[in-house]
Structure formats: C-alpha cells, structure tokens
Student: 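Could you have a look at this structure, given as structure tokens, before my questions?
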Amino acid sequence: MTLPPGSCDAHCHIFGPTDVFPYAPDRTFTPPEAPKEDLQRLHRFFGFERAVIVQSSCHGTDHSALLDALGTGDYRGVALVTPETPDAEIARLHEAGVRGARLHFMPHLGPAPSAETIRAIVAKIAPYDWHIALHVAGSGIAEHEEMVRGLGLTVVIDHMARVDLREGLDSPSVTALRRLLDSGTVWVKLSGADRIATAPPSLADSVELMRLLMAHAPEHVVWGTDFPHPNTHGSLPDDGDLVSVLSEFSEEDRQRLLVENPVRCFGFA
C-alpha cells in the first residue's frame with residue numbers, strides 16, 4: 001500500500017529534546033524524548049507529507065517545541081490554552097500554524113476544565129476560527145455531549161473518544177459519537193486504535209468502529225498515528241500495524257481520510 005500524495009498524520013506529538021525544550025515542572029508524566037526529527041523520520045518512512053502536531057501536557061503551555069517544529073514542515077498545531085493565555089500569544093500561535101486548542105477530561109493529565117474555564121478559552125480562540133480538540137474516554141463523550149453541542153465552534157474528538165469497546169458498537173458512547181457527527185460541526189480522529197482495542201495487539205474491534213464511523217460520516221473523519229504513543233500501558237503498538245489498518249479502506253476512502261478531509265478540517269493549503 002502506498003499512501004496518496006498529500007497524506008496527513010492528523011494526530012502526533014513531539015517531546016523535547018529536554019535540554020532545549022524542558023518539560024513543565026508541574027507535569028503529571030515524564031515521557032521519553034521524541035523530538036521532531038524522530039517524527040519526521042517516521043513520516044518519511046510511511047509517506048506522510050503533512051501532520052497535525054498536538055501540544056502535550058508534559059510541556060504545559062510552553063509551546064516552544066511545537067513552534068520550532070511548525071516551522072520545519074507542512075504542519076498545523078493544536079495548543080494548550082488557559083484563560084490566562086495572552087491574546088498576543090494566541091495571535092502568535094495562529095501565525096505559526098496552530099488551528100486548535102485541546103481540552104483534557106483525563107484524570108491522569110490533571111483536573112478537568114470547569115465550565116467557566118471552557119467559556120473563557122472558547123472566547124479567546126473563536127476570533128481565529130480554531131477548533132476545540134476534545135480528549136475524553138469511557139463514557140466521557142456521552143457525559144459531555146450537550147457541552148460539545150453548546151460550544152459554538154468546530155470540535156475534533158481525539159482517538160474515537162476512547163470508547164469502551166467491551167460495551168459493543170451500540171453503546172451509549174458510540175451512539176453519542178454518531179449523534180455528534182450528525183451535527184455537521186464535529187469531526188472524529190480515527191486514531192488511537194491500539195488504545196481502545198480489547199485484545200491487543202489485534203486491532204480488529206477498533207477497525208470495526210473505524211469502519212462504522214467512516215460509513216456514518218465520511219466527510220468528517222481524519223486519521224492519525226498518535227506517535228509516539230504517550231502514556232501507553234503494556235507494549236507499545238507497532239506503527240506499521242497502525243498504518244496497515246488503512247488498507248482496510250478503499251483508495252477513495254483513503255484519499256478522503258488522509259488528504260481531502262484534513263485540508264478542510266485543519267486549513268491546509
């Protein structure tokens with residue numbers, strides 16, 4: 001399988017190098033270093049020409065590593081914004097290629113944002129037409145469905161909402177995910193297949209969910225590696241296995257998933 005020209009890895013991270021870009025003192029985890037050169041090497045090997053680099057919480061709101069990487073390729077970025085982030089910083093991030101702000105509802109990454117905090121972040125990024133990147137797991141997407149609908153911005157849901165596939169494809173969480181896709185303002189990243197698989201390294205049930213979401217809203221899904229797979233417990237996934245999942249889709253679907261949809265979602269030229 002050869003990826004189509006202009007293919008985009010819509011979810012990946014960089015870490016360090018820490019002697020240049022140190023981790024935040026108040027971080028909740030300390031990953032091995034994975035600088036931009038590692039990411040670029042991976043992308044060259046598989047044939048990705050574009051990427052969306054997501055700021056990791058271990059770097060906090062210091063976007064120095066992200067900004068450094070954005071200037072070296074056809075990249076877009078997702079930032080970590082707080083109510084205290086200066087407006088001038090938002091403008092600087094936008095100029096560099098940032099197009100979204102991430103909200104975590106994951107206990108291992110710190111406290112969930114309050115409704116007041118979310119409103120303040122939305123107010124800061126709305127003038128730039130950024131999206132909200134939503135990171136939830138388990139029943140989180142069902143619990144936060146109404147909040148997502150009320151944001152008034154495009155929302156991109158990470159890792160298929162990390163739903164619990166032991167509950168099947170008709171679970172309340174999968175049903176909520178499909179309802180949100182029907183809104184027309186919500187996108188889903190078909191990433192993190194290894195994170196939700198019930199019998200890894202087999203990705204069979206994750207692929208079934210990917211197929212379901214692709215069939216349900218083919219114009220509102222994108223795909224990403226999640227390299228270098230931070231906070232993975234047990235064995236790390238093989239990136240070759242993750243990319244090979246794309247062979248489950250037709251050439252037309254791969255073109256849409258990897259090229260056409262990222263252009264519309266993230267503002268690539």
Side-chain angles (χ1 to χ4, degrees), residues 3-4 6-12 48 50-54 75-78 97-103 105 122 125-126 128-137 140-163 165 169-193 195-196 205-226 242-243 245-246 248-269:
L3 300 185
S7 286
C8 176
D9 177 356
H11 193 102
C12 50
F48 291 103
R50 293 169 167 164
V52 180
I53 304 175
V54 179
Y75 299 142
R76 293 293 181 264
V78 175
V98 171
R99 294 296 181 267
R102 199 181 199 198
L103 297 180
F105 290 86
V122 167
I125 70 174
Y128 296 91
D129 198 27
W130 285 10
H131 69 267
I132 288 289
L134 190 68
H135 191 193
V136 295
I141 194 60
E143 295 168 1
H144 297 294
E145 181 178 358
E146 291 309 309
M147 180 272 289
V148 171
R149 292 182 181 277
L151 288 175
L153 296 177
T154 298
V155 176
V156 182
I157 298 170
D158 294 342
H159 308 326
M160 298 180 278
R162 296 180 69 162
V163 298
L165 285 178
L169 295 181
D170 293 321
S171 69
S173 293
V174 174
T175 301
L177 200 55
R178 295 174 68 182
R179 281 197 301 263
L180 285 169
L181 281 168
D182 290 338
S183 71
T185 60
V186 173
W187 297 68
V188 174
K189 291 181 180 179
L190 306 187
S191 56
R195 295 186 183 275
I196 62 173
D205 49 2
S206 299
V207 171
E208 287 304 307
L209 177 59
M210 293 170 71
R211 285 175 173 153
L212 175 70
L213 298 174
M214 185 76 188
H216 189 81
E219 303 296 331
H220 278 260
V221 288
V222 292
W223 186 92
T225 61
D226 192 27
L242 297 175
V243 175
V245 163
L246 292 166
E248 301 283 342
F249 297 97
S250 67
E251 288 188 17
E252 179 183 3
D253 283 345
R254 287 199 296 270
Q255 177 72 20
R256 183 183 291 119
L257 187 63
L258 298 173
V259 183
E260 297 170 6
N261 290 356
V263 168
R264 293 189 297 113
C265 187
F266 304 112
F268 286 101

Student: Closer than 4.0 angstrom, basic N to acidic O: yes or no for Asp182 and Arg179?
Tutor: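 Looking at Arg179 together with Asp182, the answer is no, because their closest N to O distance does not fall below 4.0 Å.
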Student: Looking at CG of Leu177 and CG of Leu209, how far apart are the two atoms once the value is rounded to the nearest 0.5 Å?
Tutor: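 Rounded to the nearest 0.5 Å, the CG-CG separation comes out at 7.0 Å.
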Student: Given Val222 and Leu258, is the side-chain contact (heavy atoms from CB on, under 4.5 Å) satisfied, shown in steps?
Tutor: CA-CA 6 Å; Val222 292; Leu258 298 173; over 6 Å; no
Student: Enter the distance from Ser250:OG to Met214:CE here, rounded to the nearest 0.5 Å.
Tutor: 7.0 Å
Student: Apply side-chain contact (heavy atoms from CB on, under 4.5 Å) to residues Asp158 and Arg102 and explain how you reach the verdict.
Tutor: CA-CA 9 Å; Asp158 294 342; Arg102 199 181 199 198; 2.8 Å; yes
Student: Using 4.0 Å as the upper bound for N to carboxylate O, is an ion pair formed by Glu260 and Arg264?
Tutor: no
Student: Are the ring centres of His135 and Phe105 closer than 6.0 Å?
Tutor: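 They do not qualify: ring centres at least 6.0 Å apart.
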Student: Is any side-chain heavy atom of Val122 less than 4.5 Å from a side-chain heavy atom of Leu153?
Tutor: yes
Student: With a 4.5 Å heavy-atom cut-off, do Met160 and Leu213 have their side chains touching?
Tutor: yes
Student: Can any side-chain N or O of His220 pair as donor or acceptor with the backbone N or O of Val186 at less than 3.5 Å?
Tutor: yes
Student: Determine whether a donor-acceptor pair (N or O, by modelled atom type, separation under 3.5 Å) exists between the side chain of Lys189 and the backbone of Ala10.
Tutor: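 Yes; judged by distance alone, with no hydrogens or angles, the pair exists.
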Student: Where do Phe268 and Pro262 come nearest, in terms of heavy atoms and distance?
Tutor: CD1-O, 3.5 Å
Student: For residues Asn261 and Pro218, report the shortest heavy-atom separation together with the two atoms involved.
Tutor: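 For Asn261 versus Pro218, the nearest heavy atoms are ND2-O, 2.9 Å.
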Student: Any donor and acceptor pair, going by atom type alone, linking the side chain of Arg162 with main-chain N or O of Arg195 inside 3.5 Å?
Tutor: no
Student: Quick one, Glu143 and Val136 - any side-chain contact, counting heavy atoms below 4.5 Å?
Tutor: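 With C-beta onward as the side chain, the pair stays apart.
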Student: Drop me the distance from Trp187's CH2 to Leu181's CG, to the nearest 0.5 angstrom.
Tutor: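 Nearest 0.5 Å value for the CH2-CG distance: 10.5 Å.
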Student: Do Glu251 and Gln255 come within less than 4.5 Å of each other through their side chains, counting heavy atoms only?
Tutor: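 No; the side chains remain at least 4.5 Å from each other.
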Student: Hydrogens and angles aside, do Ser191 and Asp226 bring a side-chain donor and acceptor to less than 3.5 Å of each other?
Tutor: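 The criterion, which ignores hydrogens and geometry beyond distance, is not satisfied for Asp226 and Ser191.
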Student: Can you give me the closest heavy-atom contact between Ala142 and Pro172, atom names plus distance?
Tutor: CB-O, 4.1 Å
Student: Do Arg76 and Val98 have side chains that approach each other closer than 4.5 Å (heavy atoms only, starting at C-beta)?
Tutor: no
Student: Can a donor-acceptor pair be found, under 3.5 Å and without considering hydrogens, that links the side chain of Thr175 to the backbone of Ser171?
Tutor: yes
Student: Hey, what do you get for OH (Tyr75) to SG (Cys8), rounding to the nearest 0.5 Å?
Tutor: 10.5 Å
Student: In Å and rounded to the nearest 0.5 Å, what is the CG to CG distance from Leu169 to Asp205?
Tutor: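 Taking CG in Leu169 and CG in Asp205, the distance rounds to 8.5 Å.
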Student: Quick one: are Val52 and Asp9 in side-chain contact, heavy atoms under 4.5 Å?
Tutor: no
Student: So, taking the atom named OG1 in Thr185 and the one named CG in Leu180, what distance separates them when rounded to the nearest 0.5 Å?
Tutor: 8.0 Å
Student: Tell me if a side-chain donor or acceptor on His11 pairs with a main-chain N or O of Val54 at a distance below 3.5 Å.
Tutor: no
Student: Please report the closest heavy-atom contact between Arg254 and Phe249, naming both atoms and the distance.
Tutor: NH1-O, 2.7 Å
Student: Can Leu134 and Ile141 be said to form a side-chain contact (heavy atoms from CB on, under 4.5 Å), step by step?
Tutor: CA-CA 9 Å; Leu134 190 68; Ile141 194 60; 4.0 Å; yes
Student: So which atom in Arg99 and which in Phe266 form the shortest heavy-atom distance, rounded to 0.1 Å?
Tutor: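 So the two residues come closest at CG-O, 3.5 Å.
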Student: Given Thr154 and Trp130, is the side-chain contact (heavy atoms from CB on, under 4.5 Å) satisfied, shown in steps?
Tutor: CA-CA 7 Å; Thr154 298; Trp130 285 10; over 6 Å; no
Student: Taking all heavy atoms of Thr225 and all of Leu242, pick out the closest pair and write down the distance.
Tutor: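 Of all heavy-atom pairs spanning Thr225 and Leu242, the closest is O-CD1, 3.8 Å.
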